[in-house]
Number of protein chains: 4
Amino acid sequence: MYGKIALEEAWAIRENFKAYDIATLAPKGVIGGDLVANLLDIHGTRLHQMDENGVDMMVLSLSSPGPQGPANRQEAEDLARLANDRLAAEVSRAPARFAALASVSMHDPGQAAEELRRCMKDLTGFVGVIINDYQSAGEDKNTMLFFDRPEYDAFWEVAEELDCPVYLHPREATPLIFDQMWKDRPWLAFSALGYAHRIGMHVLGIVTAGVLDRFPKLKIVIGHMGEHIPYDLYRIDHKLNRARFPDMPMAKDKLVRDYFGSQLFITTSGHFSTPALLCAMQEIGAEAIMFSIDYPFESIPNGCVWFDNHVPIGNRDLVDIGRNNALRVFKRLTKWPHMLEERGPRECGVGGLGLRKGAEGEVEHGLYNRSWDAREKHN
Amino acid sequence: MYGKIALEEAWAIRENFKAYDIATLAPKGVIGGDLVANLLDIHGTRLHQMDENGVDMMVLSLSSPGPQGPANRQEAEDLARLANDRLAAEVSRAPARFAALASVSMHDPGQAAEELRRCMKDLTGFVGVIINDYQSAGEDKNTMLFFDRPEYDAFWEVAEELDCPVYLHPREATPLIFDQMWKDRPWLAFSALGYAHRIGMHVLGIVTAGVLDRFPKLKIVIGHMGEHIPYDLYRIDHKLNRARFPDMPMAKDKLVRDYFGSQLFITTSGHFSTPALLCAMQEIGAEAIMFSIDYPFESIPNGCVWFDNHVPIGNRDLVDIGRNNALRVFKRLTKWPHMLEERGPRECGVGGLGLRKGAEGEVEHGLYNRSWDAREKHN
Amino acid sequence: MYGKIALEEAWAIRENFKAYDIATLAPKGVIGGDLVANLLDIHGTRLHQMDENGVDMMVLSLSSPGPQGPANRQEAEDLARLANDRLAAEVSRAPARFAALASVSMHDPGQAAEELRRCMKDLTGFVGVIINDYQSAGEDKNTMLFFDRPEYDAFWEVAEELDCPVYLHPREATPLIFDQMWKDRPWLAFSALGYAHRIGMHVLGIVTAGVLDRFPKLKIVIGHMGEHIPYDLYRIDHKLNRARFPDMPMAKDKLVRDYFGSQLFITTSGHFSTPALLCAMQEIGAEAIMFSIDYPFESIPNGCVWFDNHVPIGNRDLVDIGRNNALRVFKRLTKWPHMLEERGPRECGVGGLGLRKGAEGEVEHGLYNRSWDAREKHN
Amino acid sequence: MYGKIALEEAWAIRENFKAYDIATLAPKGVIGGDLVANLLDIHGTRLHQMDENGVDMMVLSLSSPGPQGPANRQEAEDLARLANDRLAAEVSRAPARFAALASVSMHDPGQAAEELRRCMKDLTGFVGVIINDYQSAGEDKNTMLFFDRPEYDAFWEVAEELDCPVYLHPREATPLIFDQMWKDRPWLAFSALGYAHRIGMHVLGIVTAGVLDRFPKLKIVIGHMGEHIPYDLYRIDHKLNRARFPDMPMAKDKLVRDYFGSQLFITTSGHFSTPALLCAMQEIGAEAIMFSIDYPFESIPNGCVWFDNHVPIGNRDLVDIGRNNALRVFKRLTKWPHMLEERGPRECGVGGLGLRKGAEGEVEHGLYNRSWDAREKHN
């Protein structure tokens with residue numbers, strides 16, 4: 001599919017590496033090629049691979065944990081400002097191909113709102129904001145600030161006012177929690193499992209705290225095919241038993257299910273599973289799902305080949321998930337300087353028996369193997 | 001789901017029974033209650049069951065074969081006119097609950113267009129037209145007129161001009177074909193199999209003849225979950241090998257798949273199968289699917305309970321398939337005298353763990369059995 | 001997946017070409033490479049492609065219509081015998097890689113049974129029988145002999161006695177039917193649609209005639225993902241209304257659905273559609289489905305890449321559909337001279353994130369695109 | 001479906017209530033009827049509802065946390081022994097309808113193995129063992145003993161030797177973790193989310209620690225549709241990057257996916273979601289899934305109506321998931337004193353258009369609403 005938009009795509013600045021131990025980044029060769037180089041690059045390898053894989057637009061964000069990492073407030077705020085200024089400059093070099101999610105320190109909700117306003121009003125290229133789970137705080141870095149606390153309404157209010165979707169992205173555990181639960185099985189602590197646990201709890205905390213009710217135009221986006229939530233939606237809603245939990249602030253006549261597609265959205269970042277996508281479509285609907293890759297922690301061609309060739313869904317759903325839904329949620333992508341427009345299946349090269357150029361008269365040949373008689377080297 | 005719209009719903013006039021042998025109608029008790037009485041009724045039992053089952057609107061049409069039955073042209077044209085006048089009168093008694101598909105004789109494409117124009121311009125309540133497969137002709141009733149022949153462009157042109165969707169409905173075989181293929185296994189000749197065979201061939205004939213290319217705003221609707229086509233779409237498109245069939249008129253750069261959702265639509269009439277619906281959604285997309293029942297050949301509550309309670313799809317897809325898609329295809333339903341509007345899941349009572357009134361605080365109780373401890377008598 | 005078994009794979013002898021007009025065979029280049037050469041070949045290109053695509057075993061059969069084509073009885077019987085003798089000889093050259101379905105003339109049920117007995121008892125390499133829809137008869141070739149007629153019990157009885165599965169394969173229409181229905185749209189007459197119509201009616205005729213009830217160990221196999229039947233199973237069973245059709249001979253307490261997996265089976269031949277496969281698995285269960293290609297009318301690598309890499313189903317279902325179910329249905333494949341055995345996912349190279357050799361330590365790399373950064377030329 | 005077996009069904013003794021604060025149990029009316037009474041009952045209401053809902057057998061276990069609750073070793077061991085003796089007595093009153101999972105303290109792996117041996121060898125009615133997540137230990141109850149630690153091989157070894165499947169059941173967080181993560185959003189702390197987080201990490205810890213490799217006949221069962229794992233299996237396996245985590249002990253040539261169906265199994269307890277079940281079937285296969293309810297935390301009729309009437313899967317898969325798989329995993333159910341046997345769809349009343357008695361001649365009537373014209377009061 002041509003014209004794809006990808007939303008959870010990381011980028012880094014060397015100053016961010018100071019915020020966490022660069023040694024925790026996978027060394028060269030362990031995740032794809034050179035992770036550090038790929039994080040720093042925008043207009044080189046990344047753009048080349050976007051071209052090769054039908055990705056029109058990448059919405060970039062500072063790699064996790066970003067400003068959520070520093071337990072020191074000043075450090076966090078400085079990092080956010082620095083990253084936002086740098087990203088604005090990078091995006092302005094190719095605004096038809098790149099846009100930005102703002103970074104904000106969440107130590108102080110008012111300051112976060114202020115920085116968000118600065119990005120959305122004074123800088124160009126910002127279409128939303130990313131928050132990497134809880135804000136670290138406290139001297140021992142074990143304090144977790146969660147944004148379902150009432151004091152963060154000051155932030156949500158401004159995000160809603162600015163029509164600025166909030167991407168909630170995972171991060172690692174605090175030292176205390178890591179020691180308690182993960183240190184004997186560190187391979188589970190990060191993207192394999194721990195990430196989804198922590199951010200899943202946080203986003204459900206925000207929803208059940210009534211944030212989406214108090215700010216009915218607020219939009220929240222989560223990655224990784226919904227951080228387990230779509231699969232468990234029946235059970236989650238069933239067990240949020242109002243008789244048992246009369247103090248739960250979420251609207252009494254709504255279920256978590258009801259927010260998807262209007263205020264809650266998921267992306268496919270880093271979870272290229274067809275059964276999971278089909279399950280999510282049945283539970284929350286195609287209108288709540290958007291394509292993403294999670295580059296450079298995931299391979300651009302692997303994610304795109306999956307989406308372009310392996311996903312057995314209707315043409316319209318494909319282009320909505322691959323492109324149009326992103327324009328409906330991140331509306332700034334349709335405005336200057338990005339100026340992206342919705343497209344139909346045909347304009348995206350979707351149709352025929354699959355994605356291909358010059359399909360005329362080619363119906364007979366294979367959808368799965370272009371050559372009639374030789375198995376193409378693939379997988 | 002409240003607010004459903006049903007599109008393939010039969011009605012009859014006693015004069016129509018003359019057109020075919022009333023003995024071929026199932027006797028009392030064989031199909032539901034009293035088939036003849038149910039066909040003749042509109043504002044009694046039918047409306048009551050609509051109320052009980054959340055059906056806002058039934059789009060009525062003369063029962064098959066209607067004017068396609070009489071091999072005599074005059075007889076067919078007279079029947080169409082009579083039925084249209086009668087149906088206009090019936091609909092005008094409750095235009096918020098009923099609308100009409102026009103009947104036309106297809107002996108002469110020009111006359112069919114004229115009668116269609118009369119219904120859509122001079123009468124009220126018509127939102128589309130229904131054609132019951134081929135037109136019988138010839139003295140022995142064995143001639144089949146198919147509308148993929150070039151002379152029928154005169155009809156398609158007017159249907160497009162009037163923005164009048166064409167519902168292609170099945171009918172029985174000619175005597176000759178019946179004798180050759182079905183007479184030793186008559187139980188397969190009708191709705192179990194033969195109907196889908198004949199109308200499936202006809203609609204694919206129309207598409208591959210390029211009718212939808214020549215009239216790019218024309219919309220065609222077929223019932224019974226697509227008359228087998230969505231399941232076989234890969235194979236159909238794969239085997240419509242342009243190298244093998246260079247004379248096939250359909251646009252060379254399109255596949256049958258590409259017309260679904262913009263010019264081709266299906267309904268669920270008479271095929272309340274969840275696996276089939278899920279397959280259709282994957283192949284042609286929710287935007288190409290509309291709810292229907294096929295009353296009184298099918299039970300209203302059976303079709304509605306299936307759709308309301310058994311279909312495991314997202315809220316938005318449910319209300320689009322149940323209601324909104326019909327308003328996008330049959331646009332006249334949104335105009336005077338029907339004045340229907342699109343609705344969201346909440347307005348349709350969709351959400352929560354299922355369809356129910358007064359859901360507040362009821363999350364804990366069962367989605368499938370309202371009583372906690374007693375199995376409700378059902379199935 | 002290594003170790004696949006393919007069941008509906010055509011082969012021809014030059015003498016068979018006389019039975020139908022060779023001009024109706026697609027010329028060189030229209031279907032894959034050289035159709036005539038591919039039909040005649042067994043141990044060359046075919047075996048090479050089997051090796052390259054993980055196909056252990058092809059069960060070969062004379063290309064359609066085989067002996068069902070000649071309206072002349074003697075001609076049909078001679079062709080069957082000739083083809084069977086030739087195929088036995090071919091299979092004996094590589095019985096670990098090839099097995100045979102017997103061909104039989106169906107002019108006379110007793111003679112058909114006799115020839116079947118000869119193949120299964122006196123010759124080696126036969127594991128089942130193939131019948132290409134109806135038997136042509138009559139001087140004008142318009143007579144269709146259908147095997148749901150009571151006189152064919154003589155044949156079914158012997159097939160059951162020999163534990164010989166019967167593969168029911170489609171064929172073209174009679175001249176009369178062709179003229180009535182297909183001649184204005186010939187591209188629909190064959191594999192795109194007409195094949196499924198005719199054989200679908202025939203197999204449902206056989207089931208509803210009670211053949212499977214009278215011969216409870218008889219097994220029938222149909223190709224092309226079930227010739228539309230799984231998608232429509234709800235409707236078929238619903239409409240085989242016993243109150244309406246009290247004379248239908250099928251067991252009164254059974255539905256068509258109930259025969260799948262024990263007496264009725266389908267294969268994937270020529271219909272490499274994931275939504276259709278998922279629908280079939282939901283309706284009839286994985287135990288009723290077997291892999292097949294339909295070579296040389298379909299491309300071996302296209303069918304195999306689909307099955308190996310694109311089908312999102314569990315490991316066990318994959319190897320059952322790809323191999324083990326065939327051994328349970330065609331039991332002779334487990335006997336001398338074929339000696340095939342059931343295998344688990346691991347033995348078939350299934351597991352890990354996909355099919356690959358030497359998976360150790362390769363989990364990180366992509367399932368869909370082996371290279372991390374370059375999009376492989378595929379589709 | 002008649003003949004269902006349910007595996008994760010709680011029962012309690014008054015002495016167990018001492019182990020945790022009875023006030024944490026939902027008061028009367030909050031979960032179904034009277035939770036305390038339902039936990040204490042076996043042969044009354046429970047059996048009556050089993051009869052009414054086609055449940056042949058309930059495998060009972062002491063309600064969570066059972067012996068995993070007491071941080072004091074002696075207390076935990078005493079509770080296990082007491083519960084096991086009591087449960088043996090209860091089961092012996094109706095061994096055709098009830099069987100038992102043993103409870104064990106996991107303070108000491110050797111003692112746990114000993115108690116397990118006692119249950120499986122000296123007592124009757126035990127078919128497996130249940131462990132409620134981590135073992136609480138330490139004076140402040142904040143120590144969590146996890147069974148992926150090498151010292152627990154002593155326990156796994158005996159479980160394997162006894163062919164005793166281990167059901168890993170969730171429990172609540174330690175006070176420390178609760179304070180850190182859940183106390184501001186307690187509605188998420190238990191069955192809505194926290195349970196799955198904790199037990200999901202534990203079971204993946206056990207698998208990635210190589211326990212299933214060292215004990216290749218050991219079987220582990222988890223409830224709640226797999227505690228999120230099937231949905232995320234692609235991502236989990238993809239991110240358990242051996243290059244990044246060279247010290248992970250699990251077999252280098254296997255993925256988590258590969259254990260399902262032979263050593264890892266899930267049940268449907270408390271998660272009656274069709275999209276989730278379909279997703280699980282695609283990811284791990286029907287052979288890895290077993291029916292369960294989670295009574296009395298869930299309603300028996302709600303779970304059974306879902307499984308009997310709403311699940312759109314093949315007949316064979318239905319009876320395997322509903323009954324037969326349980327007999328293959330918990331093999332003691334087929335032995336004295338339980339003597340259960342595998343059944344086919346027909347023996348379970350599965351087939352026809354749905355589950356019903358006396359289906360003869362009833363094909364016409366509705367699958368979803370038994371009455372033709374009145375909507376049955378249901379939901």
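So that the names make sense, note that chain A is the first sequence line, chain B the second, and so on, each numbered from 1.
For C:Glu287, the part sitting under 4.5 Å from any heavy atom of chain D is the side chain, from C-beta outward, and nothing else. Heavy atoms of C:Pro345 lying under 4.5 Å from chain D are absent altogether. D:Arg244 does not touch chain C: none of its heavy atoms, backbone or side chain, sits under 4.5 Å away.
Each of C:Asp56, C:Asn53, C:Asp308 was evaluated against C:Lys4; a single residue qualifies, C:Asp308, per the side-chain hydrogen bond (donor to acceptor under 3.5 Å, both in side chains) test.
The greatest number of non-hydrogen atom pairs below 4.5 Å with chain C, out of D:Leu318, D:Ile313, D:Val256, is found for D:Ile313. Per-residue counts of heavy-atom pairs under 4.5 Å with chain C were compared for D:Ala286, D:Pro246, D:Pro312, D:Gly285; the largest is that of D:Pro312.
With sequence neighbours left out, the side chain to side chain donor-acceptor pair (under 3.5 Å) criterion links C:Glu342 to C:Arg328. Residues satisfying the salt bridge (Lys or Arg N to Asp or Glu O under 4.0 Å) test with D:Asp148, not counting sequence neighbours, are A:Arg185.
Ionic pairing of D:Asp253 and D:Arg242 is not present here: no N-O contact between side-chain nitrogen and carboxylate oxygen is shorter than 4.0 angstrom.
Residues C:Glu8 and C:Tyr167 have side chains that bring a donor and an acceptor to within less than 3.5 angstrom of each other.
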